[in-house]
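The residues of the chain are indexed from 1 along the displayed sequence. Below, all heavy atoms of this structure are taken into account, side chains as well, without hydrogens, waters or symmetry copies.
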Amino acid sequence: MIWKPVLIAGAVCAITLSTCPYLLAGPYGDDLSKCLVSSTEAKDKTDLVRWIFAAAAQHPDVSSIAAVSGKELTEMARKVAKLYERLMTESCRTQYRDAIKYEGSQTIPASFSILGQVAMRGLMENPAVTKAFEQIGSFVDQDKIKAVTESPGK
């Protein structure tokens with residue numbers, strides 16, 4: 001079952017908003033990434049982000065700040081599974097087959113991480129989210145940060 005590790009790896013990479021170093025794609029994986037991104041609508045990307053968020057919210061350290069019922073999580077997983085199925089068997093069938101054939105199954109998580117990053121970018125660019133992230137700046141002592149690079153030693 002290739003889908004489970006693919007979705008998990010893609011979700012983890014998407015959350016970090018960086019390409020995971022162990023996920024390398026060649027030209028066929030790149031083609032698959034492009035197809036995945038171009039074959040998904042805004043709603044698909046939203047469904048993917050919602051699932052990533054809901055799945056991460058299951059961790060005991062954060063579950064108290066994001067209530068997601070088991071029923072909601074199941075429904076989100078069902079939507080993402082159908083999206084994955086549509087992308088692999090219809091929209092990007094040729095690119096998927098070629099990526100597997102010429103680059104192996106390890107290229108699939110890399111391609112999905114790109115889709116996840118694109119989807120997460122839409123979430124992160126929302127003004128309310130940006131404002132929430134910028135709030136941390138009001139609590140950081142900028143003089144202490146600046147002093148690290150300006151003072152010799154220590």
Side-chain angles (χ1 to χ4, degrees), residues 1-140:
M1 286 191 176
I2 194 171
W3 66 268
K4 187 175 180 180
V6 165
L7 290 176
I8 292 170
V12 169
C13 293
I15 289 170
T16 63
L17 294 176
S18 64
T19 303
C20 292
Y22 61 89
L23 299 176
L24 302 175
Y28 295 97
D30 290 344
D31 288 345
L32 177 58
S33 296
K34 291 173 190 172
C35 182
L36 294 174
V37 171
S38 67
S39 298
T40 50
E41 303 293 327
K43 184 186 179 326
D44 297 326
K45 292 176 180 86
T46 297
D47 288 344
L48 182 59
V49 168
R50 288 174 53 84
W51 172 74
I52 292 168
F53 180 85
Q58 301 307 299
H59 192 285
D61 289 347
V62 296
S63 62
S64 66
I65 62 171
V68 179
S69 73
K71 183 178 177 182
E72 290 171 317
L73 183 60
T74 298
E75 184 54 33
M76 288 180 223
R78 188 179 330 270
K79 285 181 182 180
V80 171
K82 289 296 182 190
L83 172 62
Y84 176 81
E85 184 179 296
R86 177 179 58 82
L87 291 170
M88 297 295 95
T89 64
E90 297 171 26
S91 306
C92 303
R93 179 184 184 102
T94 301
Q95 294 86 347
Y96 171 62
R97 185 184 58 235
D98 289 349
I100 293 291
K101 181 178 179 181
Y102 297 111
E103 296 174 3
S105 61
Q106 71 278 359
T107 194
I108 307 308
S111 296
F112 268 89
S113 78
I114 299 299
L115 174 58
Q117 288 175 48
V118 169
M120 290 296 288
R121 189 176 309 125
L123 176 83
M124 303 304 273
E125 290 174 347
N126 178 279
V129 175
T130 301
K131 183 178 179 182
F133 274 112
E134 289 173 349
Q135 185 180 23
I136 193 172
S138 66
F139 300 109
V140 173

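- One distance of note links NZ of K79 with CG of L48; it measures 12.5 Å at 0.5 Å rounding.
- K45 contributes a side-chain N or O that, together with a main-chain N or O of T40, makes up a donor-acceptor pair within less than 3.5 Å.
- Between the CZ atom in R78 and the CE atom in M76 there is a gap of 12.0 Å [rounded to 0.5 Å].
- Side-chain contact check for K101 versus Y28: every heavy-atom pair is 4.5 Å or farther apart.
- In this structure, the side chain of T107 does not engage the main chain of G104 through any donor-acceptor pair within 3.5 Å.
- Nearest heavy-atom pair across V68 and A57 is CG2-CB, 4.4 Å.
- For the pair P60 and S63, the tightest heavy-atom approach, listed with the atom from each and the gap, is O-OG, 3.5 Å.
- In this structure, CZ in R86 is found 7.0 Å from OG in S39, a value given to the nearest 0.5 Å.
- In this structure, the side chains of L36 and M88 come closer than 4.5 Å at one or more pairs of heavy atoms.
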field: side chain to side chain contact (heavy atoms under 4.5 Å, CB included) between S33 and L115, worked out
entry: CA-CA 7 Å; S33 296; L115 174 58; over 6 Å; no
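- Taking the six-membered ring where tryptophan is involved, the planes of Y84 and F112 are tilted, since the angle between them lies from 30° to 60°.
- Nearest heavy-atom pair, A54 versus L73, reported as atom, atom and distance to 0.1 Å: CB-CD1, 3.8 Å.
- Of the inter-residue distances, the one linking S113 atom OG with M120 atom CE reads 12.5 Å to the nearest 0.5 angstrom.
- Distance alone, capped at 3.5 Å, places no donor-acceptor pair between the N126 side chain and the L123 backbone.
- Residues L32 and Y96 share a closest heavy-atom pair of CD1-N, 3.8 Å.
- Between D44 atom CG and K82 atom NZ the span is 14.0 Å, to the nearest 0.5 Å.
- Remark: D30 CG to E103 CD distance equals 7.5 Å, nearest 0.5 Å.
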